[in-house]
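Computed from a predicted structure; not experimentally measured. The first residue of the sequence shown is numbered 1, and numbering continues consecutively from there.
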Amino acid sequence: MKKILVAEDEQNIREFVVINLKRAGYDCVEAASGEEALRVYEQSGGDFDVAVLDIMMPGSLDGLAVCKELRQKNATIGIIMLTAKTQEMDKVTGLMMGADDYVTKPFSPSELVARVDAVYRRVAQFTRAAEPNFSEELRSGRFVLNLRNRSFTKDGNPVELTQVEFQIMEYFISNAGKALKRSEILKHVWGSGYVGEEKIVDVNIRRLRMKIEDEPSNPRHVVTVWGIGYRWDK
C-alpha cells in the first residue's frame, strides 16, 4: 500500500484531500497540525512514501518547518506543499527546504492525484536496481552517481540529494556537455503530464548548486545556458 501523510489544519480541505487520495489507492494518515504531523511520522517509524503539507498551519510548526524537519530525517520521502496563490515566496522557500512540488489552492482532485502520483513514482524508483542489466554507476569527473543504492559523491564524499535532485543529476551526467532546455528537464524529472511552472526547475537547480558547487554563485558544473536552460560540465 502506498502510504501518505496529509497535514492540513482545515478539516474540510483535509477530508477532500484524503478522500481523493484513498480513491487513487493511497493509505492516508491525517494530521491537523505540524506538531501532530511530526508525532505521527515518528510513531510510524518514518514509514511514509509521500507527505502532503499545508504551508499555513497553526502552532509553532507550519508546513515549511515540517518540510525542513522531514527532509532532514528522510532524504527520499516525497514532499508536496499546499499553498495559496498569494504565497509565491513560500513556494520558493518550500522548494529550497527540500519539497519536491507544490499545489496551489484551489485545486481539482485530478491535479492533486496527478502531482502525488508523479512524486510517488520517483520515490518508487528504488526498484530499478532489481532490473536486469542494471548499470550501477555514472561517473563524471569528481562525481559518482550510484544508481543501485541511490547515492551521490563528490571527491569520494557523500552528498545527500532528494529524489528530484538525484534525477536531475542522473539526467545531467547522462547528457554531459549538452544544453538541456528547462522544458526537457521538467518533462524528464516531473513527467510529461506535469501541469506546473518551469520555475520549479530553476529553484531545484539553485538548491543543487548549493550542495555540489565549490562556489554556488559561480558554478563550474551546472552551467546556465542563457535563453535555453542548463548544461552539465565535468
Side-chain angles (χ1 to χ4, degrees), residues 1-9 14 17-18 21 24-55 57 59-83 90-103 112-113 115-130 145-154 157-170 189-191 200 203-208 210-212:
M1 197 70 170
K2 302 174 287 187
K3 194 170 182 180
I4 185 166
L5 173 62
V6 178
E8 164 66 65
D9 63 298
R14 188 172 68 250
V17 170
V18 168
L21 289 177
Y26 289 92
D27 176 17
C28 299
V29 177
E30 302 177 45
S33 68
E35 290 83 357
E36 184 180 0
L38 290 181
R39 185 168 61 253
V40 167
Y41 178 86
E42 294 293 345
Q43 290 172 347
S44 73
D47 184 27
F48 287 98
D49 300 300
V50 180
V52 176
L53 311 173
D54 181 37
I55 283 185
M57 287 191 288
S60 59
L61 292 175
D62 62 8
L64 295 174
V66 176
C67 172
K68 184 177 180 180
E69 286 282 332
L70 290 182
R71 185 54 73 210
Q72 290 175 344
K73 295 174 184 293
N74 188 338
T76 63
I77 187 173
I79 301 177
I80 297 177
M81 309 302 296
L82 301 181
T83 74
D90 285 340
K91 295 175 184 178
V92 175
T93 302
L95 292 171
M96 290 301 292
M97 285 185 173
D100 297 289
D101 199 359
Y102 58 83
V103 179
L112 172 68
V113 172
R115 296 292 187 90
V116 172
D117 282 346
V119 170
Y120 175 78
R121 282 196 297 271
R122 286 196 291 273
V123 173
Q125 280 190 342
F126 282 101
T127 56
R128 289 180 56 201
L145 196 74
N146 189 302
L147 301 173
R148 186 172 297 278
N149 61 23
R150 309 296 281 182
S151 65
F152 181 70
T153 59
K154 173 184 177 181
N157 300 310
V159 179
E160 194 168 89
L161 302 180
T162 67
Q163 286 299 310
V164 167
E165 293 164 348
F166 191 93
Q167 279 192 275
I168 292 174
M169 283 307 310
E170 182 181 0
V189 177
W190 282 268
I200 195 172
V203 177
N204 275 278
I205 294 298
R206 282 170 52 194
R207 197 170 67 192
L208 195 54
M210 291 172 66
K211 292 185 177 183
I212 70 172

To the closest 0.5 Å, what do you measure between [atom1] ([X]) and [atom2] ([Y])?
{"X": "L145", "Y": "Q167", "atom1": "CG", "atom2": "CD", "result": "10.5 Å"}
{"X": "C67", "Y": "I77", "atom1": "SG", "atom2": "CD1", "result": "9.5 Å"}
{"X": "I55", "Y": "D62", "atom1": "CD1", "atom2": "CG", "result": "8.0 Å"}
{"X": "I79", "Y": "R71", "atom1": "CD1", "atom2": "CZ", "result": "4.0 Å"}
{"X": "R121", "Y": "D49", "atom1": "CZ", "atom2": "CG", "result": "13.5 Å"}
{"X": "Q163", "Y": "R122", "atom1": "CD", "atom2": "CZ", "result": "8.5 Å"}

Of all residues at least two apart in sequence or in a different chain, which pass the salt bridge (charged side-chain N to carboxylate O under 4.0 Å, His left out) check with D101?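 Here the qualifying residues are R115.
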
So for atom NZ, which belongs to K211, do other residues, nucleotides or ligands contribute more than 12 heavy atoms lying within a distance under 6.0 Å?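 Check passes, neighbour count above 12.
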
Are more than 12 heavy atoms from other residues, nucleotides or ligands located less than 6.0 Å from atom CD of Q72?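 Counting neighbours around CD of Q72, more than 12 heavy atoms of other residues, nucleotides or ligands fall under 6.0 Å, so yes.
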
Return the minimal non-hydrogen interatomic distance between Y41 and K73, and the atom names on each side.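 Heavy atoms only, the tightest pair is CE2-CD, 3.8 Å.
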
Nearest non-hydrogen partners of I80 and Y102, listed with the distance: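 The answer is CG2-CA, 4.3 Å.
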
Which donor-acceptor pairs under 3.5 Å do side chains of residues 32-40 form with protein atoms, sequence neighbours excluded?
residue	atom	partner	partner atom	Å
S33	OG	E36	N	3.1
E35	OE2	S60	N	2.9
E35	OE2	S60	OG	2.8
E35	OE2	L61	N	3.3
E36	OE1	A32	N	2.9

Of all residues at least two apart in sequence or in a different chain, which pass the ring-ring contact (aromatic ring centres under 6.0 Å, His included) check with F166?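 ring-ring contact (aromatic ring centres under 6.0 Å, His included) check on F166 returns nothing, list empty.
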
